[in-house]
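The next block holds one structure in the form of structure tokens; read it before the comments.
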Amino acid sequence: MVKVKVNQDTCIACGVCYSLCPQVFEAGEGGKSQIVAQYRVSGSLTEGNVDESLKDCVESAKNSCPTFSITTE
Ligand code: SF4
């Protein structure tokens, strides 16, 4: 399991993460990134628990985010 978080305070809605990894990220309000419903931690749009099989997808989005708004553990 990979824990992933999006910081919408620093997200600039560039769309890179949800272009690269739409299985996990989607456009929320104003184009800011959020986690798709399937993987959200309950009650949060910006925190998710993602299956290990999507780790590479998440990591590529994280590494491509221009504002370092995606974190994993
Ligand atoms: S790549 Fe980063 S800045 Fe761009 S939409 Fe995703 S979280 Fe926001």
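Remember, it's 1-based here, ligands and their atoms both numbered in the order they're listed. All values derive from a computational prediction rather than experimental measurement.
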Is there a donor-acceptor contact under 3.5 Å from the side chain of [X] to the main chain of [Y]?
X   : Y   : value
E52 : M1  : yes
S60 : C57 : yes
S44 : V41 : no
Q8  : S33 : yes

Return all protein N, O or S atoms below 2.8 Å from atom 8 (Fe) of ligand 1, chain by chain in residue order.
C11 SG
Side chains of Y39 and N49 in contact at under 4.5 Å (non-hydrogen atoms)
no
Crowding at CD, E29 (>12 non-hydrogen neighbours, <6.0 Å)
no
